2 protein chains.
Amino acid sequence: MSKSNNVYKDAFNRCLRLLDETQSLPSEPELGTLLGVSRTTVRSILSRMEETGLIAWNKRNKTVLRAPRPEDFFPEEETDSLAEIIERSFMRRLLAGGAEAGMQINELELAREIGVGTTSVREFLIRFSRFGLIEKRRNSHWVLKGFTRAFALELTEIREMFELRSAAAFAALPHDSAVWADLDRLEVEHRQLASDIATRFNEFSELDERFHRLIHRASHNRFIVDFYDVIAMIFHYHYQWNKAEERQRNEVAIQEHLAYIAALKSRDPAKVDTACRKHLKSARQTLLSSIPEGRQAQPAGTLSATFVRA
Amino acid sequence: MSKSNNVYKDAFNRCLRLLDETQSLPSEPELGTLLGVSRTTVRSILSRMEETGLIAWNKRNKTVLRAPRPEDFFPEEETDSLAEIIERSFMRRLLAGGAEAGMQINELELAREIGVGTTSVREFLIRFSRFGLIEKRRNSHWVLKGFTRAFALELTEIREMFELRSAAAFAALPHDSAVWADLDRLEVEHRQLASDIATRFNEFSELDERFHRLIHRASHNRFIVDFYDVIAMIFHYHYQWNKAEERQRNEVAIQEHLAYIAALKSRDPAKVDTACRKHLKSARQTLLSSIPEGRQAQPAGTLSATFVRA
DNA sequence: GTAATGTCTTTTATCGTGAAAAAACATTTT
DNA sequence: AAAATGTTTTTTCACGATAAAAGACATTAC
């Protein structure tokens with residue numbers, strides 16, 4: 001089957017949305033930059049749009065003929081990259097229960113169950129290993145370390161160390177730094193979300209990530225910045241997993257963020273430290289409360305073969 | 001060509017060295033544990049040893065017939081795993097000069113030059129990416145970030161954060177913890193090396209790694225423990241690269257380690273902090289001094305095609 | 001009956017291959 | 001001549017296949 005053309009399909013869908021806004025599309029290189037793909041892919045997209053009567057295409061002229069209809073779009077599930085598919089599938093198994101620490105992970109079985117090649121699974125596992133949830137035995141299988149309380153505590157320990165340092169660095173940034181404008185914009189977004197919390201509370205997790213990434217970036221340290229990938233990944237699945245009291249949790253977090261932002265703007269190290277610690281403490285609490293120690297295993301019969309008892 | 005049998009060859013060589021010490025070899029499972037390989041590999045080894053007249057093998061009886069000769073060993077270079085070969089080759093290019101930040105890394109070219117498949121190179125690059133020296137552009141090539149002064153500073157910043165915390169945790173460990181015996185043994189080894197420094201100064205880097213890993217382990221945090229892989233990797237190549245004043249540097253480091261060990265044994269947090277800081281400071285100095293900012297690029301003609309100007 | 005050996009099965013490591021996508025080069029248009 | 005389009009080449013991504021190595025099961029030895 002070689003390679004799926006999800007890059008093309010995803011870019012095509014995104015390009016369709018552009019059609020609503022304009023009468024004619026920009027040049028090929030410009031479209032490429034806009035969509036984040038090469039000109040080769042742009043031309044494939046344009047070809048199909050011409051074929052399906054969406055545009056008239058003649059050299060530099062790309063006139064929009066009609067608005068896109070739902071059936072013009074490629075199905076959502078065909079636009080995901082293999083890596084995303086594998087990650088989702090793997091995380092579902094990991095969080096579904098029955099995945100206890102010490103179990104073996106079978107590459108071949110995982111590949112079969114997801115319906116992909118072993119190479120993709122191997123590469124995924126290698127990439128995934130930096131999250132500290134799995135470990136490789138030399139010349140042999142992977143071992144699951146488990147999404148345990150210990151894991152959450154180790155993760156938050158580093159997070160707190162890194163964020164306190166980043167926040168201090170942030171507050172020390174010169175007045176003319178561009179980050180202050182970024183922070184102002186994020187503050188506005190926080191206030192907007194706070195006032196619409198009843199309907200939009202599920203938009204918080206995305207805002208949360210952008211806010212913390214901005215702060216971590218102030219460290220100017222690639223290891224700190226990169227570590228946020230681990231946190232983001234865990235929180236992403238954690239948010240999906242634990243919907244209990246989501247609205248209230250997010251409401252509290254927004255207020256903590258606003259206090260945190262105010263402290264940063266004061267540029268007073270002590271205030272920053274206090275606000276940061278307070279928020280990190282409740283973030284840790286939230287994460288820990290979602291990990292019931294001694295999670296019950298599923299009946300053996302329904303247990304997927306991906307994770308195998310050692 | 002599929003898979004090389006380097007596991008077998010390496011284990012065979014190690015098993016040859018066992019022959020000197022005993023009259024007869026232990027059971028197959030026991031040998032497997034000893035050599036860190038499966039029984040399948042053990043049996044291959046025994047088969048060959050029988051064929052070449054090294055042992056007489058009949059079921060449980062594995063009698064040594066003669067001492068191994070140099071020609072019995074497999075050549076060293078055939079015992080390396082592909083990952084090691086690729087890493088060495090990659091690092092040589094990286095440190096050889098001409099590899100400037102921003103250059104593109106070409107998987108296919110790298111694979112061709114080393115003489116391996118692209119899959120192995122891809123997997124290596126994914127694993128290697130956690131060291132922070134390269135970065136992947138989505139759907140595209142890898143970008144070299146360069147072994148620069150900035151990299152060294154970011155690395156040491158994290159190292160210092162982690163080691164200070166680990167050292168404090170170490171000193172707080174209960175008296176009956178097994179680590180104190182480990183520390184005592186390391187202290188003895190340090191003293192021995194110090195007295196033989198003239199001839200054995202090059203053995204320090206291995207001792208250095210063991211010492212720091214022991215300390216980091218006291219953090220009981222997988223992210224801290226794993227991060228030492230990054231440090232170890234950089235120092236490993238750094239030691240190979242920068243041989244200037246190696247003996248004197250190591251002599252100083254040993255004394256700092258001994259002071260550090262004494263501080264740990266005192267279990268006085270303030271003393272530990274001071275000794276740790278002092279050592280980390282000179283370690284950073286050493287690393288930084290080996291990175292000449294604005295390293296000169298080689299003439300374009302001799303430049304390997306692995307790294308390509310963007 | 002425990003622990004070894006002997007045999008068979010499964011999994012991992014690596015390659016070559018081919019399609020998707022990017023990138024490079026050549027040509028045309030404004 | 002700068003920037004677009006048209007064309008060709010190269011690289012990345014993903015797969016199935018195969019030998020090495022691990023692991024599981026069956027049998028034998030102590």
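Per chain, numbering begins at 1; letters A, B, ... match sequence-line order. Please read all numbers here as calculations on a predicted model, not as lab measurements.
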Decide whether A:T63 and A:N61 meet the rule of one side-chain donor and one side-chain acceptor closer than 3.5 Å. no

Just wondering, do B:F131 and A:F223 contact through their side chains at under 4.5 Å, heavy atoms? no

Does B:R48 make a cation-pi contact with B:F12, if we ask for NZ or CZ under 6.0 Å from the ring centre and within 45° of the axis? yes

Considering only C:dT7, D:dC13, D:dA4, which nucleotide approaches the side chain of A:P29 most closely? D:dA4

Out of C:dA22, C:dT12, C:dT5, which nucleotide sits closest to the side chain of A:S38? C:dA22

The nucleotide from C:dT11, C:dC15, D:dT5 with an atom nearest the side chain of A:K59 is D:dT5

From the list C:dT12, D:dA4, C:dA21, which nucleotide is the closest neighbour of the side chain of A:R60? D:dA4

Less than 3.5 Å apart, any donor N or O on the side chain of A:R122 or A:T118 sitting next to an acceptor on the other? no

Nearest to the side chain of B:T41, which nucleotide is it out of D:dA14, C:dG6, D:dA22? D:dA22

Look at all strands and tell whether A:T119 reaches a base, only sugar-phosphate, or nothing, counting heavy atoms closer than 4.0 Å. base

Can you tell me whether the side chain of B:T40 and the base of D:dA22 have a donor-acceptor pair closer than 3.5 Å? yes

Which one, D:dA21, D:dA17, D:dT7, comes nearest to the side chain of A:T118? D:dA17

If you check every side-chain atom of A:S2, which of D:dA21, C:dA19, D:dT7 has the closest atom? C:dA19

